Structures are given as C-alpha cells and as structure tokens.
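Handing you this structure, nothing more for now.
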Protein chains: 2
Amino acid sequence: MNWVVSNMPASEYFKDFFQHENKVYAQILADIAQGIYVSGDRLVTTALAKRYSTSINPIREAIKQLEGEGFVTSQKNSGARVANFSQATMRDVFEILQLLEPYLFDWYTQRYTQDCLLKLNDVLHQMRSLSADEHMKFRELDTEFHWLMYKHHYNKSAVQLWKKNKLILQALHGNIPISLARRQHAIDEHEKILSALVNKKPQDAIQALQDHITLGGQYWSKVLVQ
Amino acid sequence: MNWVVSNMPASEYFKDFFQHENKVYAQILADIAQGIYVSGDRLVTTALAKRYSTSINPIREAIKQLEGEGFVTSQKNSGARVANFSQATMRDVFEILQLLEPYLFDWYTQRYTQDCLLKLNDVLHQMRSLSADEHMKFRELDTEFHWLMYKHHYNKSAVQLWKKNKLILQALHGNIPISLARRQHAIDEHEKILSALVNKKPQDAIQALQDHITLGGQYWSKVLVQ
DNA sequence: TGTAAATGGATTATGTGTAATTTGAATTGG
DNA sequence: CCAATTCAAATTACACATAATCCATTTACA
C-alpha cells in the first residue's frame, strides 16, 4: 500500500466524473481507483481517520456507502476490505458494460450535435499526442471519450452504473501499462466511431462501438492472465 | 407512513432474496420494499433508532449503505429520504431489466436441469391457485419465478443488479393491486417460457421472456400514469 | 520432540452518549 | 404583507466503553 495522497488529474470535459460532495468518500474512492488501495487491502478505520484527518465515524459511513456501491466488502466484526477484483470480476464487469454501452450510445447517436463531435475530436487529438509513458492519462482520455457520449443520457441510473463499472475496471487495471499496439488500435476504433457519427451512419457507429468494447475486453483479459 | 413493523413473507425458494446479515439494513430495505416508507419520506435517524431499538450510528451506517445502493438519497445537513422513485425512474428501471434479463436468462437456457423446471412449475402452480386479492403474494411469486432462473448465474454483480432493480420496482408498485387480466397474462407468459424450456427451444424461451418483460413494463406504466 | 490446542494481550470494530453546527419554520416587528 | 429573528429539532462529528478478532506464544499430549 502506497501512502501518497492521491490527486486525480482532471481534464476539461472530465471534471464531473469524480466529483462528490462528501470529501472523505471521494478521496477513498479516488485512492481505490488509483490503485493506492488495491483489491483485498484492509481499510482500517483508525488509520483512515488519521490519513484524512477526521474522526472514525465519517470514515465508517464513507466505507458503508462504498460497500453499498460494491467497491468494498466487509465482514461482521472484522472490518472492511477493498472488494475482490479478480479476473472473474473483470469478465463480469466487461459483460455488463457490453450490455450498457450500446444502450447508452444508441441515445447519443440520435441526439449528438456538431459541438459534441468537436469535443470528441479534441479528446481523440489529445490521445494521439500523448507520450508513450502516459498510460494513466491515456486510459483517462479513453474513458472521457465515452463519458462525453453517455453523460447526458436520460437514464441516470444506467449512466451511474456505467461509471461504477468503469471505476472498477480502472481499479483492476491499476498502473498496468498499455501496449503501444493496443493504444493505436484504441485510437483507430475511436476514430471509426467518430467518423461513423460524422457521416451520420448510426448503425455503423453502434457496431464500431461494440467491436471497440469487445476488443478492449479481449486485450485486458489476456494481459491480466499472466 | 405506516408504523407496522414489516414481516417479509418467504416462500420456499425465495428465502435468500431478502437475506442480509445486517439486521437494521435488512429491516429498512424490507420496509421500503413493502411501501411502509414511500418515495420521498424522510428517514429521521433518531426516530429509526427508537423504532429498531438501537442507537443512531448503526442507523446512519445502514442508511449510507442504502444510499450507495440507490434506495436512499441524502443532502448534506438535511438528512436522508427514500429515493425519488418517479415514473421516469420506472422507465429507467425497466430498461435496465430489459438489458439484464435476457443476458441472465441466456445462461439459464444452457444449464437448467429437470429439477429446476419442476420448481418453476411449482411456482407457476402457486400463482394459478392464489385468490384474487393476494396481490403482494402474486408479485412475490412472479419475482420468485425469475429469481429461480437467475440466482445461479456466474455474474454475481449482474444478479445483484437485477435484485436491486426488482426491489425498486416493488417499492414503486407498493400495494397497487394487479388487474386479474394482467395476472392471467403474466401466468400465460410464464407458461410460454416454461414450455419453451421443456421443449428445449432456447431461442423461443428468450423471445418469450423479452415479450414478458416488455408487456409487464407497458402494463405498469399505464397503471401508474393515472 | 513434534504437533495441535489453548491462552493471553494487543488491535480493531461496534455501539452509546454528548457537544456543536445547521436547518427550517414559526414568531415577531416594521 | 413581507422581512428579520428566534428557537426547537435534527444532523454531524467526536470521545469513550465494550466486545470481538487476530496473532504470537505457551502449554499439553501423543
């Protein structure tokens, strides 16, 4: 466990992704997403209270909330731990995303404006211009690309669910670097989605999105096997 | 707000649906599902502490967990309320169920045994033999029918998600009676699913399930409009 | 002597009481 | 009739007491 206090980077269109009024809750979650606490780590209330300079109760409540969201598990009289994000979990998460994303995306294909596409293009441009070692930043931009398309969907529960599963993936990936090949593929896939949107071919866009998710899932399951 | 302490009925195959080690949490959730607390009701910690004869902290933690699960919303310094289960929420929930159920069911169509089908048939038989006024019991059996098919799915997050959304629906329906016509239709739809399974026609079964969900959604959205 | 059970102390979770800040509504005054 | 103030009630945070768990060491027995 690493004791650097996390400091989520926030790009322009991405600020709203991690925001939460409860400071302690947001910090713990960000620390889980950043891999400062990893799967299975104990979350000792007294230690966290010191770390975030508050008392035990706020910590306990934040942990309970995270437990409700599935990021944390706890056993009676034996405290809380970061949830077991195993390989099986990743398969589960990917399968849920595979259900959700086309659903969320479908709405977007009927509502997007020129301005939206410009923003997407901007993010894509940032992805291209990243240096080879900025893995975290790349993943963040990838998520941001999708976030821009889903965030205004009318089904807020579905959007929240997507966010939650994305965060779990982020926690699972941790700091594992992405291969440059996969990065290029991801950029290409995003490009394909974007161009289908520009050319007003929603069916192609949906197909491209589904391919993108499947390929991403395949890549990560291979990487995490070893 | 009605102050009868809830007492969830539990049929044979359904016991595991509401079980939770935390007594206070389970009680509050059951009370929300039963409509004892309805959408928008304040959850005053001191009152709940008296009601469940405990102190404020356990109540606060249970509420935080329920907040994480989406059953409760809270504003800073202004306490917690039962989440706003509006009509829009119902549409959202149905749409998520529409994504989830075929996914969960697909696995079942490849794994069910003769014994499973007998249980399903048993539940169906109970549904048929209910008296006209047992609305709650009917809905419970309906849920149980689906629960039997999904509970053993490998994707536990998806199963939990399904449960959560089912509970929200239950809270939304509250004690609204079901028309006898809809009851008969529901029975017919279940019958169709079951017979497709018996005849080993998984595609037909999945189609029947999708129809069943769509028709249920249509019925309830009409009922809740007035 | 080796292994398993038992013991005990330290650590941590859980539950209760209490003080302080905030809220929201009723009351008062203009 | 509207605005400011006051006051009760509830939330929040904190300190403390109790109870359970964990881990290392010791003890008992084959």
Side-chain angles (χ1 to χ4, degrees), chain A residues 1-3 5-6 18-32 36-85, chain B residues 1-3 5-6 18-32 36-85:
Chain A
M1 207 186 283
N2 178 3
W3 288 99
V5 172
S6 68
F18 269 99
Q19 252 171 18
H20 200 277
E21 60 171 17
N22 185 339
K23 217 61 184 153
V24 175
Y25 165 89
Q27 268 288 298
I28 298 176
L29 182 55
D31 286 353
I32 291 175
I36 290 172
Y37 308 125
V38 299
S39 182
D41 274 354
R42 282 197 66 185
L43 296 173
V44 178
T45 54
T46 50
L48 293 183
K50 265 189 188 169
R51 180 165 155 75
Y52 303 119
S53 49
T54 176
S55 68
I56 294 175
N57 258 357
I59 301 287
R60 273 162 47 178
E61 285 167 18
I63 286 178
K64 276 291 166 191
Q65 188 168 349
L66 289 165
E67 189 183 341
E69 291 171 347
F71 293 107
V72 163
T73 55
S74 71
Q75 285 197 331
K76 195 161 172 61
N77 292 322
S78 141
R81 291 172 179 276
V82 177
N84 175 33
F85 298 139
Chain B
M1 210 186 280
N2 178 3
W3 288 99
V5 172
S6 69
F18 268 100
Q19 251 173 16
H20 200 276
E21 61 171 17
N22 185 338
K23 218 60 186 152
V24 174
Y25 165 89
Q27 268 288 298
I28 298 177
L29 182 56
D31 286 352
I32 290 175
I36 290 172
Y37 309 125
V38 299
S39 182
D41 274 354
R42 280 197 68 185
L43 296 174
V44 179
T45 53
T46 50
L48 293 182
K50 265 190 186 167
R51 180 164 155 74
Y52 303 117
S53 49
T54 178
S55 66
I56 292 175
N57 248 354
I59 300 289
R60 282 176 64 93
E61 285 173 16
I63 286 177
K64 276 290 168 193
Q65 188 168 348
L66 289 165
E67 189 184 341
E69 291 171 348
F71 293 107
V72 163
T73 56
S74 72
Q75 285 197 330
K76 196 162 170 60
N77 292 322
S78 145
R81 291 172 180 275
V82 177
N84 176 32
F85 298 139

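All heavy atoms count here, side chains included; hydrogens, waters and symmetry mates do not. Every chain is numbered from 1, with letters handed out A, B, ... down the list of sequences. Since this is a predicted model, take the numbers as computed values, not measurements.
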Exercise for the section: Taking the side chain as every heavy atom from C-beta outward, state whether B/Ile63 and B/Leu48 have any atom pair closer than 4.5 Å. Expected result: yes
Practice task
Report, as a single string ordered 5' to 3', how protein heavy atoms within less than 4.0 Å touch nucleotides 12-24 of chain C: B base, S sugar-phosphate only, - not at all.
Solution key: SSBBB-----SS-
Handout entry: Expected output: side-chain B/Ser39 to main-chain B/Ala83 donor-acceptor under 3.5 Å
Key = yes
Practice task
Give a yes or no answer on whether the side chain of A/Arg81 reaches the backbone of A/Gly40 with a donor-acceptor pair at less than 3.5 Å.
Solution key: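 Checked: pair present.
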Problem - Non-neighbouring partners of A/Phe85 that pass ring pair (Phe, Tyr, Trp, His ring centres under 6.0 Å), sequence neighbours left out - result: none
Problem - Salt-bridge present (B/Glu61, B/Lys64; N to O < 4.0 Å) - result: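 Answer for the salt bridge query: no.
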